[in-house]
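Each remark here refers to the structure printed beneath this line.
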Amino acid sequence: MNAPAPAGENHTALTTPTPAASAPAAPTSASAASASASAASVPAAPAPAALTSPASTPPAPVLVAVGHGSRDPRARAALARLLDRVRELRPGLDVRLAHIELNAPLLDDALAELAADGGRDAVLVPLLLAPGHHVTHDLPAALAAAPALRARVADPLGAHPLLVEALADRLAEAGWTPGDPGATGVVLASAGSRDPRSGAVTRRIAALLGERLGGVPVLPAYASAAAPTVPDAVRALTARGRHRVAVASCFTAPGLFATRAAADAPWIASDPLGAHPALARLVLHRYDRARTTLPVRELAAV
């Protein structure tokens, strides 16, 4: 008795006749050739559709870019242009903007909308330069308020070569030229935080920018919560004989802090990073790293 064919196998196998007990004489060479030609002319039976359809893959997690928020109307527009660049680099990816405060949509509202939209997976990418209260407290608190949402929190943008590329380009756009290497210096202006890890990351960014600029001294300075201030850093460089001091704006978007830092520049000040192509690539880098290496709902270790 023949065993039944396994489910899903090519059904043409079920119609093949069972050979007789006494096999007929072998065909002549001419009849063999004719049989071969006839078999070649018959197309193979198609496999069942279930075997040929590719397995469906779940959609990529939503990228929720989280900005701080600002009363300066230019800030939200700058972040919107940055995310347009991210979408150009990754067509089809669902990219959304949220803010910690001051601007809509607020992060809590954005996460509630995601949870109501079928509970899509998400990766929160802070558009912040270093760890601090917003990254270590506000983002996890927002996730805790949306327990039905599967989400990860990526690292802040941080001390990465792509960030340094954007900073150097913005300085060049502002008119940076090395000139006399003994007379130039740069103040790296950022928001500031009481978290000691934030200062360590900012100092690392300053060191990398100094290397990128050919060994020019770059001093970190802060708009709030930490020292030195931008004027203090300018005076420190001037005391070392650096009379051509530029301010590099280490801010993702225009706002009060960036405006104040630029006003304290004795020579030139660069624009905030905004929609720089390298920053868009860095946002995607943080997103990809978080979605492939972090457990769901775990805060990235900085």
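Nothing fancy with the numbering, it's 1 onward along the sequence. These figures come from a predicted structure and were not determined experimentally.
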Pairs touching residues 80-112 that satisfy ring-ring contact (aromatic ring centres under 6.0 Å, His included), sequence neighbours left out: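 Residue pairs with at least one partner in residues 80-112: there are none.
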E173, CD: over 12 other non-hydrogen atoms inside 6.0 angstrom: yes
Within 6.0 angstrom of R87 CZ, more than 12 heavy atoms from elsewhere: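 Count over threshold, so yes.
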Full working for salt bridge (Lys or Arg N to Asp or Glu O under 4.0 Å) between R197 and D155: CA-CA 13 Å; R197 294 174 300 171; D155 288 336; over 6 Å; no
Nearest heavy-atom pair of [X] and [Y]: which atoms, and what distance?
X: L127; Y: A65; value: CD1-CB, 3.8 Å
X: V218; Y: P220; value: O-CD, 3.9 Å
X: L157; Y: R286; value: O-NH2, 2.8 Å
X: T184; Y: R244; value: CG2-NH1, 2.8 Å
X: A130; Y: P156; value: C-CG, 3.8 Å
X: R85; Y: A280; value: CB-CB, 3.8 Å

Between [atom1] on residue [X] and [atom2] on residue [Y], distance to nearest 0.5 Å:
X: R170; Y: L167; atom1: CZ; atom2: CG; result: 9.5 Å
X: D84; Y: L89; atom1: CG; atom2: CG; result: 11.0 Å
X: L162; Y: L273; atom1: CG; atom2: CG; result: 11.5 Å
X: L139; Y: R152; atom1: CG; atom2: CZ; result: 15.0 Å
X: L188; Y: C250; atom1: CG; atom2: SG; result: 4.5 Å
X: L63; Y: L124; atom1: CG; atom2: CG; result: 9.0 Å

Which residues share a salt bridge (Lys or Arg N to Asp or Glu O under 4.0 Å) with D108, sequence neighbours left out: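 Checked D108 against salt bridge (Lys or Arg N to Asp or Glu O under 4.0 Å); zero matches.
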Stepwise side-chain hydrogen bond (donor to acceptor under 3.5 Å, both in side chains) check, H276 with D169: CA-CA 9 Å; H276 193 283; D169 283 356; 2.9 Å; yes
Just wondering, do [Y] and [X] contact through their side chains at under 4.5 Å, heavy atoms?
X: L129; Y: T202; answer: no
X: I205; Y: L208; answer: no
X: R212; Y: E165; answer: yes

Verify the cluster assignment for [X] and [Y]: are they in a single hydrophobic cluster under the rule of side-chain heavy atoms below 4.5 Å apart?
X: L102; Y: V64; value: no
X: L83; Y: F251; value: no
X: L106; Y: I100; value: no
X: V164; Y: L82; value: yes

Side-chain donor/acceptor of Y287 to backbone N/O of V62, under 3.5 Å: no
Main-chain N/O of P131 paired to D195 side chain as donor or acceptor, under 3.5 Å: no
Whichever hydrophobic residues join L219 through chains of side-chain contacts under 4.5 Å: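 Direct or chained contacts put L219 with V187, V230, V234, L237, V245, V247.
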ILVMFWY clustering at 4.5 Å (side-chain atoms), partners of Y222: none
Sequence neighbours excluded and cut-off under 3.5 Å, please list the side-chain donor-acceptor pairs for residues 256-272, or say none.
| residue | atom | partner | partner atom | Å |
| --- | --- | --- | --- | --- |
| T259 | OG1 | G255 | O | 2.9 |
| S270 | OG | S249 | N | 2.9 |

H134 and H68 aromatic ring geometry - parallel, tilted or perpendicular at 30°/60° bounds: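 The arrangement is perpendicular - the two ring planes meet at more than 60°.
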Report, one line per pair, each donor and acceptor closer than 3.5 Å where one atom sits in a side chain of residues 71-80; sequence neighbours left out.
| residue | atom | partner | partner atom | Å |
| --- | --- | --- | --- | --- |
| D72 | OD1 | R74 | N | 2.9 |
| D72 | OD1 | R74 | NE | 3.1 |
| D72 | OD2 | R74 | NE | 3.2 |
| D72 | OD2 | R74 | NH2 | 2.7 |
| R76 | NE | A104 | O | 2.9 |
| R76 | NH2 | A104 | O | 3.4 |

Worked verdict on D288 versus R281 for salt bridge (Lys or Arg N to Asp or Glu O under 4.0 Å): CA-CA 10 Å; D288 288 334; R281 298 200 303 274; over 6 Å; no
